[in-house]
Enquirer: 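Take a look at the following structure, please.
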Amino acid sequence: SDTEAFGINESGTVVGYFDVYDSQGNFIANHGFTWNSGKFTQVDFPGAVDTTLGGINASGDMVGSWDAGPTATVVHGFVLSKKGQFINFDVPVPGATLTQLDDINANGQIVGEYNDAAGNEHGFLQVGATFTPFDYPGAVITAAWGINSRGQIVGDYFPNGNVVYGFLAVADK
């Protein structure tokens, strides 16, 4: 029913997801995809029911999220290397119920968001083995959507839960 594109790299490869419903209108699954030069390829995390691709870098490394299906209580993140290797990634926060990887830059820095055990949404930056959670000052919700090769991060935040604002931040080098 829906197809959403979330990222594109320098070679024109687009990543995103599409959803599938049965003939009665019941949701069945989300599938990730790549699209380049008219070629559409379905991408699914091994064993997952739902897969979403959020970003792709110049090298072809991709990031996204996956879960076990419509009733899943935990959503996991992953990296898909240009060599085709899936690497599961969950934020190192006890009780986190959602890890969503939204973008990866040419340096391998990853941004996204996670929900803590209380259901609060926070942004994060992953650089190598270093995980850095962050919230926009005073925000009740923070999400990091993109990062470029200079470490500039874009995202959005809700200071009171009703109005959304954008932000630009810079990752420490």
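As a basis for the values below, the full set of heavy atoms in this structure was taken, side chains included, without hydrogen atoms, waters or symmetry mates.
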Enquirer: Membership question, hydrophobic clusters at under 4.5 Å side-chain separation (ILVMFWY): are Ile56 and Phe45 in the same one?
Expert: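 Yes, one cluster joins them.
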Enquirer: What pairs with Thr41 under side-chain contact (heavy atoms from CB on, under 4.5 Å), at least two apart in sequence or on another chain?
Expert: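 Thr34, Lys39.
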Enquirer: Give a yes-or-no answer on whether the side chains of Trp145 and Asp156 include a donor-acceptor pair shorter than 3.5 Å.
Expert: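 Yes - a donor-acceptor pair under 3.5 Å links their side chains.
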Enquirer: Which heavy atom of Ala72 sits nearest to which heavy atom of Asp67, and what is that distance?
Expert: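 It is CB-CB, 3.8 Å.
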Enquirer: Can you name the residues that form a side-chain hydrogen bond (donor to acceptor under 3.5 Å, both in side chains) with Tyr114, not counting sequence neighbours?
Expert: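 For Tyr114, no residue satisfies side-chain hydrogen bond (donor to acceptor under 3.5 Å, both in side chains) once neighbours in sequence are set aside.
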Enquirer: Got a sec, which residues hit ring-ring contact (aromatic ring centres under 6.0 Å, His included) with Phe33, two or more places apart in sequence or on another chain?
Expert: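 Expected list: Phe40.
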Enquirer: Please test Phe78 against Leu53 for side chain to side chain contact (heavy atoms under 4.5 Å, CB included), starting from the C-alpha separation and ending with a verdict.
Expert: CA-CA 9 Å; Phe78 70 89; Leu53 290 175; 3.6 Å; yes
Enquirer: Compare all side-chain heavy atoms of Thr99 with those of Ser65 and state whether any distance is below 4.5 angstrom.
Expert: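 SC-SC contact between Thr99 and Ser65 ruled out.
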Enquirer: Give me the atom names and distance for the closest heavy-atom approach of Glu113 to Thr142.
Expert: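 Of all heavy-atom pairs spanning Glu113 and Thr142, the closest is CB-O, 4.1 Å.
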Enquirer: Under the side-chain contact (heavy atoms from CB on, under 4.5 Å) rule, collect the residues that match up with Phe27, sequence neighbours excluded.
Expert: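 Testing Phe27 for side-chain contact (heavy atoms from CB on, under 4.5 Å), a comparison that skips the adjacent residues, returns Asp19, Tyr21, Asn30, Asp50, Pro70.
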Enquirer: Which residues pass the side-chain hydrogen bond (donor to acceptor under 3.5 Å, both in side chains) test with Asn105, not counting sequence neighbours?
Expert: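 Residues passing side-chain hydrogen bond (donor to acceptor under 3.5 Å, both in side chains) with Asn105: Gln109.
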Enquirer: Can you give each donor-acceptor pair under 3.5 Å made by side-chain atoms of residues 125-136, sequence neighbours left out, with the distance rounded to 0.1 Å?
Expert:
unit_1	atom_1	unit_2	atom_2	d
Gln126	NE2	Gly128	O	2.9
Asp135	OD1	His122	ND1	2.8
Asp135	OD2	His122	ND1	3.0

Enquirer: Can Phe167 and Ile153 be said to form a side chain to side chain contact (heavy atoms under 4.5 Å, CB included), step by step?
Expert: CA-CA 8 Å; Phe167 71 83; Ile153 301 167; 4.2 Å; yes
Enquirer: Could you work out, with side-chain contact (heavy atoms from CB on, under 4.5 Å) as the rule, every residue matching Ile8, not counting sequence neighbours?
Expert: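 With neighbours one apart ignored, the set is Val14.
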Enquirer: Taking side-chain hydrogen bond (donor to acceptor under 3.5 Å, both in side chains) as the test, write out the residues that go with Asn148, two or more places apart.
Expert: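 Per chain and number, Asn148 pairs via side-chain hydrogen bond (donor to acceptor under 3.5 Å, both in side chains) with Gln152.
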Enquirer: Are Val20 and Trp35 co-members of a hydrophobic cluster defined by side-chain heavy atoms under 4.5 Å apart?
Expert: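 Yes; tracing contacts between hydrophobic side chains, which count when under 4.5 Å, links both residues.
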Enquirer: side-chain hydrogen bond (donor to acceptor under 3.5 Å, both in side chains) with Asn57: which residues, sequence neighbours excluded?
Expert: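 Checked Asn57 against side-chain hydrogen bond (donor to acceptor under 3.5 Å, both in side chains); matches are Asp61.
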Enquirer: The criterion is side-chain contact (heavy atoms from CB on, under 4.5 Å); which residues satisfy it with Ala118, sequence neighbours excluded?
Expert: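 For Ala118 the side-chain contact (heavy atoms from CB on, under 4.5 Å) partners, ignoring immediate neighbours, are Asp116, Asn120.
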Enquirer: Would you please name every residue forming a ring-ring contact (aromatic ring centres under 6.0 Å, His included) with Tyr17, sequence neighbours left out?
Expert: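 Partners of Tyr17 by the ring-ring contact (aromatic ring centres under 6.0 Å, His included) criterion, ordered by chain and then number, come out as Phe6.
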Enquirer: Nearest 0.5 Å, what's the CE-CD1 distance between Met62 and Ile104?
Expert: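 Here the interatomic distance stands at 10.0 Å.
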Enquirer: Check the pair Leu80 / Val43 against side chain to side chain contact (heavy atoms under 4.5 Å, CB included), numbers first and verdict last.
Expert: CA-CA 10 Å; Leu80 174 55; Val43 177; 3.8 Å; yes
Enquirer: Are Leu101 and Val79 side-chain neighbours, meaning at least one heavy-atom pair lies under 4.5 Å?
Expert: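 They are in contact (side-chain heavy atoms under 4.5 Å apart), so the answer is yes.
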Enquirer: In this structure, would Val74 and Leu98 fall into the same cluster of hydrophobic residues linked by side-chain contacts under 4.5 Å?
Expert: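 No, because Val74 and Leu98 fall into different hydrophobic clusters, even though each may have its own neighbours under 4.5 Å.
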Enquirer: Could you tabulate the donor-acceptor pairs under 3.5 Å formed by side-chain atoms of residues 83-95, not counting sequence neighbours?
Expert:
unit_1	atom_1	unit_2	atom_2	d
Asn88	OD1	Trp66	NE1	2.8
Asn88	ND2	Asp90	OD2	3.3
Asp90	OD1	His76	ND1	2.9
Asp90	OD2	His76	ND1	3.1

